[in-house]
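Counting convention: from 1, in listed order, for ligands and their atoms alike. These numbers come from a predicted model, not from an experiment.
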Amino acid sequence: MSGGAGFSVTAVGGLPEVQAGADLAALIAAAEPGLADGDILVVTSKIVSKAEGRAVRGDREAAIDAEMVRLVARRGPTRIVETRHGLVLAAAGVDVSNTEPGTVVLLPTDPDGSARRLRAGVRQRLGVRVGVIVSDTMGRPWRTGQTDTAVGAAGLRPLRDHRGHPDSFGMPLEVTIAAVADELAAAADLVKGKTAGTPVAVVRGLAGLVTDADGPGARALIRPPADDMFRFGSADVLAARRTVREFTAAPVDPAAVRRAIAAALTAPAPHHSTPWRFAVLESPEARTRLLDDMLAAWVTDLRGDGFTPEQIDRRTRRGEPLRRAPLLIVPCLHAEAAHTYPDQRRNASEREMFVVAMGAAVQNLLVALAVEGLGSCWVSSTMFCRETARAALGLPGDWDPMGAVGVGHPAAPAPDRPPRDPAAFMVTM
Ligand SMILES: Cc1cc2nc3c(=O)[nH]c(=O)nc-3n(C[C@H](O)[C@H](O)[C@H](O)COP(=O)(O)O)c2cc1C
């Protein structure tokens, strides 16, 4: 061997089967008393979970339901989900291997916290400053086979940012951030056993990665939603759109709305036309003006229908999702490309063609908003008082408001969608 940089990875033998309540730091310190400053301990999350009482009796699917916050993709029985930690992985990391039949092992509640406690425990027992990684096995969407990744970390830099450093030709690197903690977890997996035997490894020779402070932990490896280009599996993106009627007060990113409108503009439309326009109501004044004027128009309609003032009051007092949305989009049909026929039948069909094209564009808009993590509610009200809506918003006379879309961050996850059997909706011939 030449004198280049190197490191070693060694499995730690002699650990007993870990039970709930076990002092993992004490077990590791006893099994590996030679731990030294700058060593990095890589510990399989399974034994951390067991020590923390996260091996529980129960059904795997129910456990996944409880651990997940968002379905990312589903294929047959396999579910890729986002966990409360923000991790995206199969089955929420719920594991039925290497645990008593009838029990499931859940990921640690706070894997970075687990790593910090383990680090402090080792320091207390052996007086050494080590880095700690809690690792779990994950698949990669475009690669066959699983590798271990860091779900928790303490006392090491989890990422090494090479951006701005020159490459071998002197050009600055633009995007490279090395996922050091994941690389270490994967290296350790080469020597740890997949069976219960050796769930801990020591990486030696990379003391430069170990820090005094516990540091940001493995949470730093979670890609922020705004940078996530693959938030849903392609087969799951349509199901991700649900009508949302309760929103948080968090503002809506105007750039996300622009991207969603760009998606709307890719809808099919007759005669190679682009018959869609969108009024985006960012200001509270514009929203209130529209909703107040529409309410007045609705009251006039109801009076005309013969309802009593009490009945009208009861109807119109009902919670209105558009009032609760932090942003409104009024999709408008601009059917200037519609052909004119001498008869009513064909004119009506022509209009319907453009209306369905509007529906396609709004569906694109809603799905794209869901991909941005935004909830939406498409309500019909502006269609019933087009003149009023146009006047309130100062829209041109040939923009036909086609409902209004309330947009915001969902206050709660949508309930499960009732299953629908395609066979009940189709005929095959
Ligand atoms: C043209 C149109 C008008 C709608 N109007 C309203 C409405 O006035 N109020 C409302 O709460 N939801 C409205 N909705 C939303 C439906 O109630 C919703 O799509 C339906 O309950 C199915 O739920 P999902 O969108 O989550 O699949 C409307 C939907 C469409 C397509």
Ignoring hydrogens, just give me the one of A404, A239, S380, P415 whose non-hydrogen atom is nearest atom 3 (C) of ligand 1.
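Nearest option to atom 3 (C) of ligand 1, by heavy atoms: S380.
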For ligand 1, which atoms sit closer than 4.0 Å to a heavy atom of [X]?
{"X": "T243", "answer": "15 (C), 18 (C), 19 (O), 23 (O), 24 (P), 25 (O), 26 (O)"}
{"X": "R417", "answer": "27 (O)"}
{"X": "R242", "answer": "24 (P), 26 (O), 27 (O)"}

Please round to the nearest 0.5 Å and tell me the distance separating atom NZ of K46 and atom OG1 of T99.
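So the NZ of K46 and the OG1 of T99 are separated by 7.0 Å.
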By side chain to side chain donor-acceptor pair (under 3.5 Å) - contacts of D292 (at least two apart)
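In terms of side chain to side chain donor-acceptor pair (under 3.5 Å), with neighbours along the sequence ignored, D292 is linked to R323.
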Assess, by modelled atom type and distance only, whether the side chains of N364 and T266 contain a donor and an acceptor separated by less than 3.5 Å.
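Per modelled atom types, N364 and T266 side chains form a pair under 3.5 Å.
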Protein contact for atom 13 (C) of ligand 1 (heavy atom, distance under 4.0 Å)
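Given the 4.0 Å cut-off, atom 13 (C) of ligand 1 counts as touching protein heavy atoms.
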Using a cut-off of 6.0 Å, state whether more than 12 heavy atoms not belonging to R75 lie near its atom CZ.
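Atom CZ in R75 is not crowded, with 12 or fewer foreign heavy atoms closer than 6.0 Å.
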Above 12 or not: heavy atoms from other molecules or residues under 6.0 Å from CZ of R143?
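Not buried by this count: 12 neighbours or fewer within 6.0 Å.
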Does the structure place the NZ or CZ of R258 under 6.0 Å from the centre of the six-membered ring of F278, at an angle of no more than 45° from the ring's axis?
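Ring-cation test returns no.
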Starting from [atom], locate the nearest protein heavy atom and write down its residue, its atom name and how far away it is, to 0.1 Å.
{"atom": "atom 9 (N) of ligand 1", "answer": "V379 CG1, 3.4 Å"}
{"atom": "atom 17 (O) of ligand 1", "answer": "R245 NH2, 3.0 Å"}
{"atom": "atom 2 (C) of ligand 1", "answer": "W378 O, 4.2 Å"}

Taking only non-hydrogen atoms of M383, do any sit less than 4.0 angstrom from ligand 1?
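Not so, M383 does not reach ligand 1.
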Side-chain donor-acceptor contacts of residues 347-359 below 3.5 Å, not counting sequence neighbours, with atom names and distances?
residue, atom, partner, partner atom, Å
N347, OD1, Y341, N, 2.8
N347, ND2, Y341, O, 3.0
N347, ND2, D343, O, 3.3
S349, OG, R345, O, 3.1
E350, OE2, H271, NE2, 2.6
E350, OE2, H339, N, 2.9
R351, NH1, D400, OD2, 2.9
R351, NH2, D400, OD2, 3.1

